[in-house]
Structure formats: C-alpha cells, structure tokens
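Ligands are counted one by one from 1 in listed order, and the atoms in each one are counted from 1 as well.
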Amino acid sequence: MNNNIINGKLLADKILQEASITIQQLHSAKKRLPALAVVVVGENPASEIYVRNKKNACTKVGIKSIEYALPEDATEYGLLNLIAELNHDKNIDGILVQLPLPPHLDSKLVINAINPIKDVDGFHRYNIGSLTVQDPSICPCTPHGIIHMLDSINFEYSGKNAVVIGTSNIVGRPMALELLNRGATVTMCNNKTINLPQYTILADLIVIAIGQPKFLKKEWIKENCVVIDVGINRLSDNTICGDTDFDDIVDKVSYITPVPGGVGPMTIAILIKNTLECYNLHTL
Ligand code: GUN
C-alpha cells in the first residue's frame with residue numbers, strides 16, 4: 001500500500017463533520033438553517049450524478065437543498081426569472097446552476113445573474129475577479145478543495161513550478177489563480193500545447209483537468225513531483241479512471257490523488273463550506 005496517496009474522502013469527511021457541528025449549533029440556537037437551491041436544466045447523466053452527490057452531502061450535514069428541475073427546452077427568460085426569485089428569497093442562502101446548460105442558454109449570462117453573495121460555485125465574475133486581485137470571497141469549489149489537499153501535505157507553494165493542464169472556467173483558470181496567489185510560478189497548458197512534456201517535466205506540481213483517461217505518463221514527469229488528478233473518466237469496462245496513468249506513475253511521485261476518492265469528494269465538501277459562507281454573508 002502506497003502512503004503517498006492523498007485521501008480526498010477522509011479530508012472531505014472532516015470538513016463535512018465540521019459543517020455538521022456548525023449547523024447543529026444553529027439548530028440548538030433555534031436559528032434559521034442554511035438552504036441551497038440547485039437548478040438543473042434538462043437531462044444530463046453526469047450532471048444527475050453530481051447533483052445527487054451534492055444533495056446527499058447537504059442532507060448529511062443538515063443543509064436544506066431544494067432542486068429546481070427545468071425541462072431541456074426551458075427559456076433563458078424563465079431561467080433568469082427563477083434566479084431573480086431565488087436572489088430575493090430570504091430563505092435561500094446559495095444558488096447553484098448545474099453546468100453545462102443546454103446550448104440555447106447563455107451560461108455566462110445565467111451565472112452572472114446570480115447574486116454574488118449567493119454564488120456557492122464562485123463562478124460569478126465578481127467572485128472570479130475578487131480571486132484575480134488577491135481579495136478572494138467565494139472561491140470555486142474544485143480548485144479550493146485542491147488547495148486544502150495541498151495544504152494537508154504541507155506543500156510549499158512559493159517559488160515552485162506549477163503546471164495546470166486544462167483551462168476551463170470551473171477548474172483550470174481559478175486553479176491557476178489560487179496557485180499564483182500563493183507564490184507559485186504557474187504555467188497553463190491545454191490540449192493544443194505543443195510539446196506538453198517540456199513543461200510537465202519541470203513541474204513540482206501538476207494539476208490535470210482535461211477529461212482524457214490515463215493521459216499523463218511517467219516519462220513526462222519529474223521524480224517526486226505532486227500530481228493532482230481532476231479527471232473522472234468512465235472506461236468501456238465501466239471502471240472509473242482519472243487523467244493520469246495512476247498505476248504507472250504512483251511510485252515516481254511524492255504525492256498523488258486517486259480517482260475516485262480524491263478531488264471529487266473535496267469539491268462537494270467545499271460546496272458545503274461555501275454554502276455556510278454564503279449563509280453568513282447573507283445573514284450578516
Ligand atoms: N459542472 C461540472 N462541475 C460543476 C461545478 O462545480 N458546479 C456546477 N454548477 N456545475 C458543474
């Protein structure tokens with residue numbers, strides 16, 4: 001058994017337990033309990049699993065979650081109206097619109113319609129802008145969960161070479177900002193990067209989020225680097241694997257995150273933490 005595997009499930013359970021205690025205290029003090037609105041448009045199998053896991057975590061800690069399931073052909077007007085209602089609802093602390101939205105809906109417009117202090121995903125331009133100018137408020141869940149994982153192994157960010165592979169608004173970009181804000185030298189790569197190994201071979205830390213099974217290879221990485229694998233890919237035999245060839249590289253790295261049981265549970269734990277943060281912002 002390798003002891004260089006960062007157990008995301010264990011770290012996430014600790015965060016959920018802390019949240020649960022906070023909510024029990026609110027309950028004992030007869031305070032209003034936090035509530036999260038989860039908006040889903042259409043039917044997307046992956047989204048359905050993510051949403052179910054998020055709602056289960058809410059139930060586990062005592063957060064009320066209310067799902068708004070809109071049909072695939074929901075109009076932008078209808079969705080914006082719902083968000084406006086939720087923004088004004090004093091009993092709703094957080095609003096999560098599950099992405100991706102069907103192509104006829106403008107996700108930027110929709111996300112930016114959420115009141116930033118209810119934006120549990122941290123995707124609103126106000127929250128991303130705050131992170132950009134080193135004045136973070138609500139931070140995107142997956143990158144922030146990764147920071148928790150790196151802190152748990154006492155990773156020293158300052159001066160380190162960090163390579164982020166994948167440039168999405170959900171993971172890659174906010175991840176780069178989190179690392180930049182902690183003093184790392186950050187290189188962002190994507191699936192068009194020419195000669196990717198010339199970057200990864202110099203990296204002390206690699207965060208990969210491109211959705212390509214077993215993409216990162218042993219020959220591309222430096223001995224004792226840290227690898228954070230955000231990918232969740234289903235193979236033809238129905239098994240789940242990450243974006244790294246885990247078995248191939250586990251003995252070369254100083255630390256690595258497994259899939260499943262790594263970044264996934266941490267994303268959900270931070271969502272719960274963010275919901276409590278929104279509750280505090282909203283009830284100030
Ligand atoms: N789709 C994939 N990841 C996420 C996430 O973290 N939040 C939302 N809202 N949608 C997603």
Asks: Please examine the side chains of I15 and I272, heavy atoms only from C-beta on, and report whether any two atoms are closer than 4.5 Å.
Replies: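 They are not in contact (no side-chain heavy atoms under 4.5 Å apart), so the answer is no.
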Asks: Could you tell me whether the side chain of T59 and the main chain of K55 form a donor-acceptor pair under 3.5 Å?
Replies: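 Side chain of T59 to backbone of K55, a donor-acceptor pair under 3.5 Å: yes, one is there.
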Asks: Evaluate side chain to side chain donor-acceptor pair (under 3.5 Å) for N115 paired with Y126, printing each intermediate quantity in order.
Replies: CA-CA 10 Å; N115 182 343; Y126 172 91; over 6 Å; no
Asks: Taking only heavy atoms of the protein into account, state which residues are under 4.0 angstrom from an atom of ligand 1, in chain and number order.
Replies: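 The 4.0 Å shell around ligand 1 contains K54, L96, V97, Q98, L99, D121, F123.
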Asks: Under 3.5 Å, sequence neighbours excluded: what are the donor-acceptor pairs made by side chains of residues 177-189?
Replies:
from : atom 1 : to   : atom 2 : distance (Å)
E178 : OE1    : R182 : NH1    : 2.8
E178 : OE2    : H144 : ND1    : 2.8
N181 : ND2    : L131 : O      : 3.0
N181 : ND2    : L177 : O      : 3.4
R182 : NH1    : E178 : O      : 3.0

Asks: What donor-acceptor contacts under 3.5 angstrom involve side-chain atoms of residues 209-218, with partners at least two apart or in another chain?
Replies:
from : atom 1 : to   : atom 2 : distance (Å)
K217 : NZ     : K214 : O      : 2.7
K217 : NZ     : F215 : O      : 3.0

Asks: For N238, check side chain to side chain donor-acceptor pair (under 3.5 Å) against everything at least two apart and list the hits.
Replies: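 For N238, the residues satisfying side chain to side chain donor-acceptor pair (under 3.5 Å) (neighbours in sequence not counted) are R234.
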